[in-house]
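By convention here, the first residue in the shown sequence is residue 1. Each ligand, and each atom within it, is numbered from 1 in the order the structure gives.
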Amino acid sequence: MQNKRRLSQENSFSMNISIATVFPGLYREFLQTSLIKRSQEKGIVSFDVVSFASFCHPKERLDGPTVGHGSGMAIRPEVIERMVNGQEEKHGFAYKIFLTPQGRKLDQKLAVELSSLFLKNSHIMLVAGRYEGCDDRAQSEYADLEVSIGDYVLMGGDLPAMVLLETVMRHIPGVVAKEDSIEQDSFMGPFLDFPTYTVPPREWKGRQVPEVLLSGNHAAMNAFRKEKAVLRSVKEHFGWVRARCIKKDDKKLAYASMPAHYVVLMHDHVLVQDGVVGTSSVTSLDIHDIARSCSTYGIKGYALVTPLIDQRKIVETILDFWHGAGIQYNNNRAEAVELVSLEESLEKVIAAIESKEGKKPLLVATSAKVQEGVRSITYYDQSIVWKEDRPVLFIFGTAKGLSSELIKSCDYLLLPVGGFTEFKHLSVRSAVAVVLDRWMGINLSRVD
Ligand code: SAH
């Protein structure tokens with residue numbers, strides 16, 4: 001009832017959408033189909049599709065050659081000016097959106113923002129470019145917003161205009177019947193939608209509808225759907241999850257869907273000089289600094305590997321401090337140091353993880369250089385590693401880095417981190433922090 005009242009109030013609000021295009025015919029079917037058609041019948045919105053050509057004087061062209069070398073045509077500024085003035089005379093002042101590959105990328109968040117903008121402005125204008133686009137002066141003069149639908153170039157802005165309408169209109173009250181279905185849509189929050197099935201058939205090509213969805217137990221169904229939604233979002237769309245995960249509970253859910261990660265710092269099988277493989281000394285700072293990075297990013301264990309007895313004694317002494325007096329001295333550091341273990345070889349670290357997790361870890365080497373003979377992965381490749389459903393062990397080197405034999409024995413090599421300079425000498429402590437952040441850190445895309 002409340003919903004109905006709200007809808008009827010909003011329906012009395014009339015929204016005009018002008019669309020300026022070279023090819024108005026493209027919109028005929030689109031505007032006469034399904035929910036877009038119904039939203040006009042319901043009086044929520046009306047469309048006015050206009051051709052740039054109708055704003056040209058007799059014999060005048062709507063496009064003109066672009067200046068500079070590289071041939072091409074663009075829509076002329078005077079034609080855009082006449083179109084804007086003509087449409088504003090007809091429907092009042094417009095909020096103007098130019099579709100261009102260089103604009104703000106359309107995503108669910110922008111779609112929601114635009115839906116409230118559509119509701120606040122009685123006239124919205126979508127300007128679809130074509131050829132090389134619109135003259136830049138006219139675009140800069142008139143565009144309140146430039147929108148791109150993705151990092152690729154289309155022949156014209158008409159499909160982008162339709163894509164924008166298909167997504168924004170879903171959020172205008174009354175357009176999509178069941179409003180709550182929108183709330184569960186993919187990309188509304190940090191997670192994507194759960195998988196859907198139709199019944200009948202309960203079984204199709206040997207694939208069953210999950211039993212729990214047929215159980216009638218709503219709590220169990222919701223829990224199952226949430227779990228599936230989080231799992232597939234984390235595994236397949238981690239970039240989105242990390243960009244949108246703000247709430248503590250959501251972070252917890254996402255973390256629980258990631259495989260267990262471990263870190264090892266090698267003081268053996270490292271390059272002590274170019275071409276010479278050997279052992280290195282332990283640095284006390286590496287113990288608690290790296291432990292703190294590991295705690296921050298949810299690493300399950302951090303092992304230091306050194307086969308040297310005197311070096312092991314040093315580490316044991318430091319660890320004893322953090323397990324005793326260090327607790328009083330700095331409790332946070334002491335807590336982080338709980339993750340630290342000392343091993344004499346990488347094999348022992350791997351065996352310890354296997355006995356704890358029940359599966360051998362995938363070995364991910366890190367290096368300041370790329371190397372042949374091992375599969376390189378980037379910081380966008382979580383889905384490749386995580387779909388193997390095994391624990392992950394990041395291997396960091398000391399001295400001049402891991403030996404190439406060790407790197408070649410790993411499953412993957414993570415590309416080096418770095419900036420736009422040629423200097424590539426991060427301390428291993430800094431490298432661990434940067435790598436962990438790039439691999440599994442929160443990375444919000446925009447502040448709400
Ligand atoms: N030379 C331009 C592309 C022009 S494509 C460039 O490289 O940036 C012609 C028109 O198609 C554009 O003016 C725009 O309206 C539309 N268009 C092409 N790709 C688009 C995209 N990804 N998003 C939105 N509009 C796009």
remark   = min-distance protein heavy atom vs atom 22 (N) of ligand 1 -> Y152 O, 2.8 Å
inquiry  = For Y131, which part has a heavy atom under 4.0 Å from ligand 1: side chain, backbone, both, or neither?
reply    = backbone
Part of P160 with heavy atoms under 4.0 Å of ligand 1, whether side chain, backbone, both or neither = side chain
ask   = So, the side chain of R76 versus the backbone of G64: is there a donor-acceptor pair under 3.5 Å, distance only?
value = no
message = In the structure I gave you, are the side-chain heavy atoms of M155 and Y131 within less than 4.5 Å of one another anywhere?
response = no
ask   = Which pairs, with at least one residue in residues 16-29 and sequence neighbours excluded, count as a side-chain hydrogen bond (donor to acceptor under 3.5 Å, both in side chains)?
value = N16-S46, S18-Q87, S18-H123, T21-D158, Y27-D158
ask   = Among all protein non-hydrogen atoms, which one is nearest to atom 5 (S) of ligand 1, and what is the separation to 0.1 Å?
value = L154 O, 3.2 Å
message = Would you say the rings of F238 and W386 are close, in the sense that their centroids are separated by under 6.0 Å?
response = yes
remark   = In ligand 1, the atoms that come under 4.0 Å of a heavy atom of M155 are 9 (C), 11 (O)
ask   = Near G150, which atoms of ligand 1 are under 4.0 Å from a heavy atom of that residue?
value = 22 (N)
remark   = atom 7 (O) of ligand 1 has as its nearest protein heavy atom V153 CG2, 4.1 Å
task = Please answer whether the main-chain N or O of K247 pairs with a side-chain N or O of D250 as donor and acceptor at a distance below 3.5 Å.
result = no
query = Got the closest protein heavy atom to atom 23 (N) of ligand 1, with its distance?
reply = I149 N, 3.0 Å
ask   = What protein heavy atom sits nearest atom 1 (N) of ligand 1, and how far away is it?
value = E132 OE1, 2.9 Å
remark   = Here the atoms of ligand 1 under 4.0 Å from any heavy atom belonging to V147 are 24 (C)
note = If we number the atoms of ligand 1 from 1 as shown, the ones under 4.0 Å from a heavy atom of G156 are 10 (C), 11 (O), 16 (C), 17 (N)
query = Is it the case that R82 places NZ or CZ above or below the six-membered ring of F55, under 6.0 angstrom from the centre and within 45 degrees of the axis?
reply = no
query = Tell me: protein heavy atom nearest atom 26 (C) of ligand 1, and distance?
reply = P101 CD, 3.6 Å
inquiry  = Quick one about S54 and S51 (side-chain donor to acceptor, distance below 3.5 Å, no hydrogens or angles considered), yes or no?
reply    = no
task = Decide yes or no on salt bridge (Lys or Arg N to Asp or Glu O under 4.0 Å) for R225 and D193, but give the supporting numbers first.
result = CA-CA 8 Å; R225 284 174 156 179; D193 204 356; over 6 Å; no
query = Does D151 come within less than 4.0 angstrom of ligand 1, counting non-hydrogen atoms of the residue?
reply = no
Shortest protein heavy-atom distance from atom 14 (C) of ligand 1, along with the residue and atom involved = L99 O, 3.1 Å
inquiry  = Treating S233 as the side-chain partner and L192 as the backbone partner, does any N or O pair qualify as donor plus acceptor under 3.5 Å?
reply    = yes
task = With heavy atoms only and a cut-off of under 4.0 Å, state how Q102 meets ligand 1: side chain, backbone, both or neither.
result = side chain
request  = Enumerate the residue pairs fulfilling side-chain hydrogen bond (donor to acceptor under 3.5 Å, both in side chains) with a member in residues 406-421, sequence neighbours excluded, ordered by first and then second residue.
outcome  = E388-Y412
query = Going by the order shown, which atoms of ligand 1 are within less than 4.0 Å of some heavy atom of G133?
reply = 13 (O)
